[in-house]
Undergrad: 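Mind looking over this structure? Questions follow.
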Amino acid sequence: MGGGQKEGSMDGSHSVKAQRKDDNGSTAVSGVSFLESLPENIFYEILIKSFKEEGEAETMLQTLCSAFSLDSKTFVRLAKRLGKMKKITLNCLRLNNVPSIKSLLGPDLEELVLVLTLEISGFIDTFADFDAYISILVERCRCLEALHIKAVGGKFYKYGLSMTDIFKEIPKRIFGALPKSIKVLKIEPVAVLDNFDLGGKFVYINSACPTYNQTLTNLSLVLNHITNPFLHSIANCLPLLVELDLEDNPAFKLDDDMSDEGVQSLIRCRKLTSLSLKRLAHEVNQMTDVGILLLSEGCKGLISVRLGGFSRVSDVGFTSILNSCSNLKKFEIQRAPLLTDLTFQDVSNVCNSLVEVKLEACNSVTSKAVRKLTTCSSLEVVDLIRCESVGDTCLDRILWLTLLTSLNLEEIDVTDSCIVYLGKGNAPISRLSLRGCKRVTDKGITLMLGCEGKISKFLSFLDLGEMPGITDNTITTVAEVCMGLTELCIRKCFHVTNASVKALATKGRTKHGSKLLRKLDLYQCTALSAECFEYMKKPLFCGLQWFGIGKTQLIGVGDHGFNKVYKERPWFTICTSGCEVGCHDRWEYHKCHKASSSYV
């Protein structure tokens, strides 16, 4: 690592002794090295990446800081020790001062990313305070290129305003003050916003303040209702749009609901390459094959398409996307009952560029369609979430996909006898989800991981949640065999006991090259007792960064027990709210115990 010698164990003993230079440039040797003063998770990240194959180490620092969002002081210390970097990502909330940024700049630096996250919980005394925060953020950042605002429900105490009321005002204040440099805009109110239609305000604001119309390339909004006027305003006012991501959850029907006419207007966005139109829980009743046919003919440059809730679109519409968009790489369809195997009949002939295919709750799709998909040799990601008609008969063909890195079989009807096929293949699968596969047991997982294929060597993320047939036997096997595993979900596995936690706590301590577990989800594993929280003490779980223990007896240790862990493990997070691994599935306002006692 850098110019010093590296030696030491992976068991948390911090036995590294390294050469270092003082402020005058002279070399000094100390029993306590520079690296030992770093936060523990960063220290082990460096060790883990150092064991990669030759050639990969050169790119280590290009990604290291993105993973940790380092403060500038820690980053400078790392940079001096470990050499040149091409890309640096810093959390602006942790920056010490401007000179600390200057110290990072050098002739080899190609990209500097400064990240500022504004979290609005809704618990603000007055609307004036909220208005002031938004105004300062937008008006003082005159070179702002990307703005992402998330907010959740809550009350503004003095005026009784809810976040719904506030988000009715956000468009007027945000759009009217956006700097000319803005390129990416994302507003995501997670709470359901009743009687809120951004469409009308967007039309008004674009006509009143067109300053950013010639710069905005990425637009992502979570709305109450996507309407035709809203789609028309986007098509008319944002000619340079490259990526459009819209999601809604309407509480009632509107006459001007998204339809063929509105979607067809997006053809005017000539540069559009990524389109996502998703409706949660409900259906888009006024969209038909006609709208999709016209869209695919007018937007042949689409690389990514994501459609959710289009219940009246059939194989005719979906096939037109595959036929017309010759450079299509990502194809994701959710809750489309009229999507059948016919869509994929000639998929390998009409679309050679496909990298990702994600199907969710498309119950008319069967194993026959999956077998057709496996003829697309370029596929790297396949999701078949809750596709009830897909079963065992297609798993043997998964072996054909030699580039496959991610496979999601959540809640499909597979069994032990066929899950073993995944273990025989040469596909470098690093992410595998079997959540809710109720007919898969210890036997199937053990056989899969015991085969001579690549899966046990490449697997880094594994989801075995909601599987009643999983016991300590499976988890012990996973801990012993999956040397590259860094994230594990076993939520709602009611037969998993303290023995599994013990096996995972010692994972990687005795095997050279084995990675350390970083994130572990034990949500609602009711057979666990509070005693297994003792495994959180050093030197066990030495690489862990995130720990999900919602609805388990581990919560019983309370803040006193959590604080003991934090003293040994800075930057550690304990989630008691049932979030998905890493709390990244949605931004939710909940108490997530951290070393800084902050909120996520």
Undergrad: Can a donor-acceptor pair be found, under 3.5 Å and without considering hydrogens, that links the side chain of Asn327 to the backbone of Gly301?
TA: no
Undergrad: Could you tell me whether a side-chain N or O of Ser348 sits under 3.5 Å from a main-chain N or O of Thr375, the two making a donor and an acceptor?
TA: no
Undergrad: Taking the side chain as every heavy atom from C-beta outward, state whether Leu384 and Val357 have any pair of such atoms under 4.5 Å apart.
TA: no
Undergrad: Quick check for you: to the nearest 0.5 Å, what is the distance between Ser274 atom OG and Ile303 atom CD1?
TA: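 Output value for this atom pair is 8.5 Å.
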Undergrad: Between Met258 and Leu231, is there a side-chain heavy-atom distance shorter than 4.5 Å?
TA: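 Yes, side chains in contact.
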Undergrad: Quick one: do Lys330 and Val355 satisfy side-chain contact (heavy atoms from CB on, under 4.5 Å)? Show the steps, please.
TA: CA-CA 6 Å; Lys330 299 180 180 180; Val355 175; 5.6 Å; no
Undergrad: Return yes if some donor-acceptor pair links the side-chain N/O of Arg335 with the main-chain N/O of His282 below 3.5 Å, else return no.
TA: yes
Undergrad: Do the side chains of Leu379 and Leu403 get nearer than 4.5 Å, heavy atoms only?
TA: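 They are not in side-chain contact.
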Undergrad: Evaluate Arg371 against Asp396 for salt bridge (charged side-chain N to carboxylate O under 4.0 Å, His left out), listing each step before the verdict.
TA: CA-CA 9 Å; Arg371 293 175 75 87; Asp396 60 328; 3.4 Å; yes
Undergrad: Just so I know, are the side chains of Asp392 and Ser417 near enough to count as touching, which here means a heavy-atom distance under 4.5 Å?
TA: yes
Undergrad: Go through the structure and list residues passing side-chain contact (heavy atoms from CB on, under 4.5 Å) with Asp416, not counting sequence neighbours.
TA: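 Only Val440, Thr441, Lys443 meet the side-chain contact (heavy atoms from CB on, under 4.5 Å) criterion with Asp416.
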Undergrad: Side chains of Arg312 and Glu283, heavy atoms from C-beta outward: is any pair under 4.5 Å?
TA: no
Undergrad: Tell me, please, which residues at least two apart from Arg397 pass salt bridge (Lys or Arg N to Asp or Glu O under 4.0 Å).
TA: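 Checked Arg397 against salt bridge (Lys or Arg N to Asp or Glu O under 4.0 Å); zero matches.
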Undergrad: Mind checking side-chain contact (heavy atoms from CB on, under 4.5 Å) for Ala336 and listing every partner two or more places apart, or none if nothing turns up?
TA: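 So Ala336 forms a side-chain contact (heavy atoms from CB on, under 4.5 Å) with Phe318, Ile333, Leu339, Cys362.
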Undergrad: According to side-chain contact (heavy atoms from CB on, under 4.5 Å), who are the partners of Lys492, at least two apart in sequence or on a separate chain?
TA: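 Lys492: side-chain contact (heavy atoms from CB on, under 4.5 Å) contacts with Glu466, Phe494, Tyr523, Gln524.
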Undergrad: Using a 4.5 Å cut-off on heavy atoms from C-beta on, say whether the side chain of Asp341 contacts that of Lys372.
TA: no
Undergrad: Testing the basics here: between Trp400 and Thr374, what is the closest heavy-atom pair and its distance to 0.1 Å?
TA: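 Heavy-atom minimum between the residues: CB-O, 4.0 Å.
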Undergrad: In sequence, state the C-alpha distance, the side-chain angles, and the governing distance for Thr402 and Asn426, and then conclude on side chain to side chain donor-acceptor pair (under 3.5 Å).
TA: CA-CA 6 Å; Thr402 57; Asn426 289 319; over 6 Å; no
Undergrad: How about NZ on Lys551, more than 12 heavy atoms from neighbouring residues, nucleotides or ligands closer than 6.0 Å, or not?
TA: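 Not more than 12 within 6.0 Å, no.
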Undergrad: Using modelled atom types only, decide if a donor and an acceptor are shared between the side chain of Ser353 and the backbone of Leu328 within a distance under 3.5 Å.
TA: yes
Undergrad: Quick check: does any side chain N or O of Ser265 sit under 3.5 Å from a backbone N or O of Ala235, one acting as donor and the other as acceptor?
TA: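 No, Ser265 side chain to Ala235 backbone: no donor-acceptor pair under 3.5 Å.
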Undergrad: Report the distance from atom CG of Leu294 to atom SG of Cys299, rounding to the nearest 0.5 Å.
TA: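 SG of Cys299 is found 10.5 Å from CG of Leu294.
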Undergrad: So Leu277 and Val263, do their side chains get closer than 4.5 Å, heavy atoms only?
TA: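 Answer yes - side chains close enough.
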Undergrad: Could you check whether any side-chain N or O of Ser378 sits under 3.5 Å from a backbone N or O of Leu354, counting only pairs where one atom can act as donor and the other as acceptor?
TA: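 Confirmed, Ser378 side chain pairs with Leu354 backbone.
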Undergrad: Output every pair passing salt bridge (Lys or Arg N to Asp or Glu O under 4.0 Å) with a member in residues 268-282, not counting sequence neighbours, ordered by first then second residue.
TA: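 Sorted pair list: Asp248-Arg279, Asp257-Arg279.
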Undergrad: Could you measure the distance from the CZ atom of Arg435 to the CD1 atom of Ile490? Nearest 0.5 Å is fine.
TA: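 If I round to the nearest 0.5 Å, the distance is 12.0 Å.
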Undergrad: Rounded to the nearest 0.5 Å, what separation is found between the CD1 atom of Ile182 and the OG1 atom of Thr215?
TA: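 Going from the CD1 atom of Ile182 to the OG1 atom of Thr215 covers 7.5 Å.
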Undergrad: If you measure from the Lys or Arg side-chain nitrogens to the Asp or Glu carboxylate oxygens, is any gap between Arg518 and Glu487 under 4.0 Å?
TA: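 Glu487 and Arg518: not salt-bridged.
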Undergrad: Does some side-chain heavy atom of Val290 sit less than 4.5 Å from a side-chain heavy atom of Leu293?
TA: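 No. Closest side-chain heavy atoms not under 4.5 Å.
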Undergrad: List the residues meeting side-chain contact (heavy atoms from CB on, under 4.5 Å) with Ser220, not counting sequence neighbours, and say none if there are none.
TA: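 Testing Ser220 for side-chain contact (heavy atoms from CB on, under 4.5 Å), a comparison that skips the adjacent residues, returns Lys186, Asp245.
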Undergrad: State plainly whether the residues Glu356 and Lys329 are in salt-bridge range, i.e. N to O under 4.0 Å.
TA: no
Undergrad: Can you give me the closest heavy-atom contact between Glu297 and Ser324, atom names plus distance?
TA: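 Glu297 and Ser324 have their closest heavy atoms at OE2-OG, 3.1 Å.
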Undergrad: What's the spacing between Asp346 CG and Asn323 CG if we round to 0.5 Å?
TA: 8.0 Å
Undergrad: About how many Å separate CG of Leu275 and SG of Cys269, when rounded to the nearest 0.5 Å?
TA: 9.0 Å
